[in-house]
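Reviewing the structure listed below.
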Amino acid sequence: MAVIGQDISQAKRVLDAGELVAIPTETVYGLAGNALNPVAVASIFETKNRPSFDPLIVHIPSLEVAENYVIDIPDPLRKLAEQFWPGPLTLLLPRKNTIPDIVTSGLERVAVRVPDHSLTLELLSQLDFPLAAPSANPFGYISPTSPAHVDAQLGDKISYILDGGKCRVGLESTIVGMEENEIVIYRLGGLEISEIERIVGKVTVKSHSSSNPQSPGLLESHYAPTKPFILGNLEELIAERKREGIDFAVLSLVQSFPAIPTGNQIALSTRGDLKEAATNLFAAMRTLDASNASVILAELMPEEGLGKAINDRLKRAATKG
């Protein structure tokens, strides 16, 4: 299994050698490699079993460093970066030729962000290259929010996991770009729409699944448990499974169900706090996926704030259900 530790020097040595390291961010753990090395990037796809047509996010230590890899940063997007970097914001920007085609799947824009985690920012500041880093999990499965999650799934395929503890946000970054002078959100995530609109005004949301995505994280079946994952009215779903005699687990926002074993139900936030729910989402899905239940039943969150981004992940997880 992989070594888990906080030795930035060791992480740097592994990355300098063209190999991969799992890194912590405020959103989820990333599987990182040298973004300027096509062979290292190919190793990311191979390790994750990720389709080559799904672009990767490039992680950098600061807004100033972005200038080395992108042609231009339009003023509205620069304002967002100045306000929310480091943080759960990814910008789609026209790339320079220094970014290999394999990183962007041949697209002309590259996804760039500055992660808000002290260990990873220190690591990035010591490297001579940016890091391509999708979530550190097998492709399509639940994103990891702790070193243990990474180790359980990829520990036999990578040598080092940089231990930054539990992810504070727990939901992937919001991806933003521009089309014809219009601000577009391509993926809902840890930065709320209202926060973005506070800086740049009204935005258009184009967060949808695709078999040929223009942005990372837009494939239809994604963030999914291995067990069938069914969304709907929990009371009705539970009654139906009881009639069928099927063992099930339940994922809710605040509800608890006295007749269901404690280990087979998780409420994401007993206070109904959507930020807390976002932080707990992926870990809860993993726990229920490891339970003795044969199916997971879940409900949608309120369509407000981070609830919209959580629902996006729940709906994609349910495509296998």
Side-chain angles (χ1 to χ4, degrees), residues 26-28 84 87-90 135 142-143 145 166-176 183-209 217-218 220-225 227-241 248-260 262 264-289 295-321:
E26 79 282 19
T27 58
V28 299
F84 299 115
L89 168 72
T90 292
S135 55
I142 305 163
S143 298
T145 54
K166 180 181 177 182
C167 297
R168 175 172 51 82
V169 175
L171 200 64
E172 289 86 358
S173 60
T174 303
I175 299 179
V176 182
I183 303 292
V184 177
I185 293 179
Y186 295 95
R187 182 177 73 182
L188 298 169
L191 181 61
E192 296 184 25
I193 296 174
S194 61
E195 287 292 289
I196 294 170
E197 291 186 330
R198 179 172 59 83
I199 304 301
V200 295
K202 195 67 177 174
V203 302
T204 299
V205 179
K206 290 188 176 180
S207 180
H208 61 277
S209 43
L218 293 186
E220 180 180 5
S221 179
H222 215 55
Y223 317 111
K227 293 176 179 175
F229 190 85
I230 301 174
L231 279 174
N233 180 289
L234 283 178
E235 301 285 355
E236 295 175 0
L237 292 175
I238 290 170
E240 183 179 345
R241 292 314 174 289
F248 59 87
V250 176
L251 181 66
S252 69
L253 176 57
V254 298
Q255 285 180 281
S256 62
F257 301 88
I260 299 173
T262 303
N264 277 29
Q265 61 173 308
I266 295 178
L268 294 174
S269 172
T270 55
R271 298 179 290 124
D273 184 325
L274 292 174
K275 287 188 177 180
E276 182 182 18
T279 300
N280 294 331
L281 176 64
F282 290 136
M285 290 170 69
R286 286 172 178 275
T287 297
L288 296 181
D289 201 32
V295 62
I296 301 170
L297 311 179
E299 65 179 354
L300 290 171
M301 305 293 114
E303 274 285 317
E304 59 188 42
L306 288 180
K308 294 179 181 179
I310 297 171
N311 287 343
D312 172 79
R313 304 309 191 273
L314 291 172
K315 289 173 183 176
R316 295 190 204 196
T319 57
K320 291 184 178 180

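Along the sequence shown, residues are numbered consecutively beginning with 1.
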Quick one: list whatever passes side-chain hydrogen bond (donor to acceptor under 3.5 Å, both in side chains) with [X], sequence neighbours left out.
| X | value |
| --- | --- |
| Lys166 | Asn280 |
| Arg168 | Asp116 |
| Glu276 | Ser269, Arg271 |
| Thr90 | Ser173 |

What is the distance from atom [atom1] of [X] to atom [atom2] of [Y], rounded to the nearest 0.5 Å?
| X | Y | atom1 | atom2 | result |
| --- | --- | --- | --- | --- |
| Leu314 | Leu268 | CG | CG | 8.0 Å |
| Leu251 | Ile230 | CG | CD1 | 13.0 Å |
| Leu306 | Asp312 | CG | CG | 12.0 Å |
| Glu192 | Glu304 | CD | CD | 9.5 Å |
| Arg313 | Leu188 | CZ | CG | 7.0 Å |
| Thr279 | Leu274 | OG1 | CG | 10.5 Å |

So [Y] and [X], do their side chains get closer than 4.5 Å, heavy atoms only?
| X | Y | value |
| --- | --- | --- |
| Lys315 | Leu300 | yes |
| Gln255 | Glu235 | yes |
| Thr174 | Phe84 | no |
| Lys227 | Phe248 | no |
| Leu171 | Pro88 | no |

List for me each residue that meets side chain to side chain contact (heavy atoms under 4.5 Å, CB included) alongside Val254, sequence neighbours excluded, and say none if there are none.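 None.
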
Could you pull out all residues at least two apart from Ala267 that satisfy side chain to side chain contact (heavy atoms under 4.5 Å, CB included)?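 For Ala267, the residues satisfying side chain to side chain contact (heavy atoms under 4.5 Å, CB included) (neighbours in sequence not counted) are Ser252.
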
Exercise: identify the closest heavy-atom pair between [X] and [Y]:
| X | Y | result |
| --- | --- | --- |
| Ala283 | Thr145 | CB-OG1, 4.1 Å |
| Leu253 | Ala277 | CD1-CB, 3.9 Å |
| Glu299 | Met301 | O-CE, 3.3 Å |
| Ala249 | Leu288 | CB-CD2, 3.9 Å |
| Ala278 | Ile310 | N-CD1, 3.7 Å |
| Glu26 | Gly87 | OE2-C, 2.8 Å |

Is a donor on one side and an acceptor on the other found under 3.5 Å between the side chain of [X] and the backbone of [Y]?
| X | Y | value |
| --- | --- | --- |
| Gln265 | Ser256 | no |
| Glu172 | Val28 | no |
| Asn264 | Val250 | no |

Checking side chain to side chain contact (heavy atoms under 4.5 Å, CB included) for the pair Val203/Val176: CA distance, chi angles, key distance, verdict? CA-CA 9 Å; Val203 302; Val176 182; over 6 Å; no

